[in-house]
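Within every chain, numbering begins at 1; the chains are lettered A, B, ... in the order of the sequence lines, protein sequences first and strands thereafter. In this text, all values refer to a predicted model and were calculated from it rather than measured experimentally.
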2 protein chains.
Amino acid sequence: MTRGPRRSVQPDAVLDAALELIDEGALTMRALAARVGLTPGALYTYFPDRAAIVTAIADRLLAEADLSLLDDPAEPPHRRIENYALALREVLLAHPAAVPAILGAAFNGPMALRVGESLLRVLPDARATYTVMVYVLGAIALEAADRVTGSTPSFELDPAEFPLTSGQIDVILAYNSAEQFQWGLGRVLSGLS
Amino acid sequence: MTRGPRRSVQPDAVLDAALELIDEGALTMRALAARVGLTPGALYTYFPDRAAIVTAIADRLLAEADLSLLDDPAEPPHRRIENYALALREVLLAHPAAVPAILGAAFNGPMALRVGESLLRVLPDARATYTVMVYVLGAIALEAADRVTGSTPSFELDPAEFPLTSGQIDVILAYNSAEQFQWGLGRVLSGLS
DNA sequence: ACCTGAACACCGTTCAAGT
DNA sequence: ACCTGAACACCGTTCAAGT
C-alpha cells in the first residue's frame with residue numbers, strides 16, 4: 001500500500017540523529033542535516049520546524065517506558081506505579097538534555113494521554129494521579145538538570161551559615177539516586193491513600 | 001567606599017530588562033543591549049555571558065518569595081511550608097518563561113541554599129525536605145510550561161480510547177490551579193509525617 | 001573600567017530552481 | 001514530493017581602539 005522509498009532517509013532516522021545531537025549538547029538544523037546527509041532546507045520536508053522535531057522526540061522517549069507495567073496484575077497498585085516510575089526515570093535520565101523538552105511538551109503529545117489514562121486505571125482519582133506525575137516528572141527534571149550542568153558545583157558551604165544543610169550534607173549529595181526517588185515516591189503514595 | 005558611577009547603567013537594571021525580555025518571549029544579548037542603551041559587546045563588562053544573566057535572574061526570582069514565612073512562629077510547621085510554597089508559586093508563575101532556567105539552576109545559586117536551610121528548620125529530615133522541593137518545583141514547572149505553550153491545545157480526546165481521562169476531564173482541566181497545587185502538597189506533607 | 005564598531009562564526013527558515 | 005543552493009534575517013562572543 002505504501003509507496004516505494006521516495007525520501008533518501010526515513011523520518012525516524014532523522015529523529016535518531018536529532019536525539020544524538022541533543023545528547024551531544026546541541027541540536028541544530030544544520031548539524032542534523034549534515035548527519036543524515038541532507039541540506040538544511042530539506043529537513044523542512046520532514047518536519048515543519050525545529051520545535052516539531054523536539055516534541056516528536058519527547059513523545060518517542062515517553063513511549064520507551066513500558067506502560068504495561070501499570071497493568072501488571074501480579075503487582076499491587078502502588079508497586080505498579082513504582083515500577084513504571086522507575087522505568088520512566090531510567091529512560092529519561094539516559095537523555096538528560098532532552099528532559100526539559102519533555103517537561104515542556106508534557107501533556108501535548110499522544111503518548112502523554114496514554115500514560116495518563118493508564119495511571120488513572122490504577123489510581124482513579126485524577127487529583128492523585130496528577131500529584132504523582134508532578135512528583136515523578138519533578139524529580140526527573142531536577143536530576144536531569146543536575147547532570148547536564150555537571151553535577152554539584154564544588155559546593156562552597158559555610159557550616160556557620162548553613163548548619164542544618166552541612167549536618168546532612170551526605171544525604172543531600174545522595175539526592176540524585178534511585179533510592180531517594182523511590183523513597184519520596186513511597187511517601188507521596190502513602191499520603192494519597 | 002564605593003566609587004562613583006562609572007557605568008552608564010546599573011547591573012540590576014540590566015537584569016530588570018533581561019527579565020522583561022524573557023517575559024516577552026525572547027532574551028537576546030542584542031535586544032538586551034538595545035533596551036538598556038548599550039552596544040552588545042558592552043554587556044560583557046557586566047556579565048561574563050548570557051548564561052550568567054539567566055542564572056542571576058533565577059536567583060533573584062527565588063529571593064522574591066518571602067522566606068520568613070517558613071519561620072513564622074504563629075503557624076504550625078505544615079502550614080508554614082504551605083504558605084511559603086504558595087508564595088513561591090505566585091512569584092515564579094508571574095514569569096513562566098523564566099521557570100525552566102530556575103529548574104536548571106535550582107541548586108547552584110546562593111539563594112537556593114538559604115531556601116534549603118530554612119526548609120530544614122521546619123522539616124528536619126533532608127529526604128523529606130527534598131521530596132517537598134521536588135513536588136513544589138515540579139508543579140510550578142508543569143504549570144509554567146502550560147502557560148508558555150498557550151494552555152491546553154484544543155484537546156482532541158476520543159472517549160472510547162480514553163474513558164477515564166474523559167470522565168474526569170473537568171478535574172484535569174483544573175490541574176493548573178492553586179487549589180490543586182495546595183491539595184497535592186497537603187497529601188505529600190501528610191505522607192511525610 | 002567602560003564602551004563602540006566591526007568582525008567572526010554561527011543560527012532557523014524560506015524559496016526559486018531542478019529532478 | 002524531495003532536494004539543492006543561495007539567500008534573509010538573525011544569533012553570542014571577541015577584540016582592537018577609543019575615553
Might you work through the side-chain contact (heavy atoms from CB on, under 4.5 Å) test for B:E117 and A:E161, ending with a clear yes or no? CA-CA 9 Å; B:E117 181 78 12; A:E161 196 179 355; over 6 Å; no
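Using a cut-off of 4.0 Å between Lys/Arg side-chain N and Asp/Glu carboxylate O, B:D16 and B:R35 are scored as not salt-bridged. With salt bridges taken as basic N to acidic carboxylate O contacts below 4.0 Å, none links B:E179 and A:R127. One finds no salt bridge joining A:E64 and A:R60 here, because no Lys/Arg side-chain nitrogen approaches an Asp/Glu carboxylate oxygen to under 4.0 Å.
A straight line from CG of A:L43 to C1' of C:dC11 spans 14 Å, rounded to a whole angstrom. Nucleotide D:dG12 holds its P atom 11 Å from the CG atom of B:L21, rounded to whole Å. The distance from atom OH of A:Y44 to atom P of C:dG12 is 7 Å, rounded to the nearest whole Å.
At most 12 non-hydrogen atoms from other residues, nucleotides or ligands lie less than 6.0 angstrom from CZ of A:R114. Remark: A:E90 CD is loosely packed, at most 12 non-hydrogen atoms of other residues, nucleotides or ligands lying under 6.0 Å away.
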Using a 3.5 Å cut-off and no angle test, enumerate the donor-acceptor pairs between side-chain atoms of residues 68-78 of chain A and protein atoms at least two apart in sequence or in another chain.
unit_1	atom_1	unit_2	atom_2	d
A:S68	OG	A:D66	OD1	2.8
A:S68	OG	A:D66	OD2	3.1
A:D71	OD1	A:R121	NE	3.2
A:D71	OD2	A:R121	NH2	3.4
A:D72	OD1	A:A74	N	2.9

Please tabulate, one pair per line, all N/O donor-acceptor pairs under 3.5 Å involving side-chain atoms of residues 181-193 of chain B, not counting sequence neighbours.
unit_1	atom_1	unit_2	atom_2	d
B:Q182	NE2	B:E82	OE1	2.9
B:R187	NH1	A:G191	O	3.0
B:S190	OG	B:R187	O	3.4
B:S193	OG	B:L189	O	3.1

Which dot-bracket string describes DNA chain C (Watson-Crick N1-N3 plus N6-O4 or O6-N4, or G-U N1-O2 and O6-N3, all under 3.5 Å; [ ] crossing; | other strand)? ||.|||||...|||||.||
For nucleotides 1-3 of chain C, list the nitrogen or oxygen atoms of the protein found under 3.5 Å from its nitrogen or oxygen atoms, one pair per line.
unit_1	atom_1	unit_2	atom_2	d
C:dC3	OP1	B:S8	N	2.6
C:dC3	OP1	B:S8	OG	2.5
C:dC3	OP2	B:Y46	OH	2.9

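Applying a 4.0 Å cut-off to non-hydrogen atoms, the residues of residues 27-35 of chain B that approach DNA chain D are B:L27, B:T28, B:M29, B:R30, listed by residue number.
Scanning all heavy atoms of the two residues, the minimum distance from A:A17 to A:V36 falls at CB-CG1, 3.8 Å.
Listed by chain and number, the residues in a side chain to side chain contact (heavy atoms under 4.5 Å, CB included) with A:D170 amount to none (sequence neighbours excluded).
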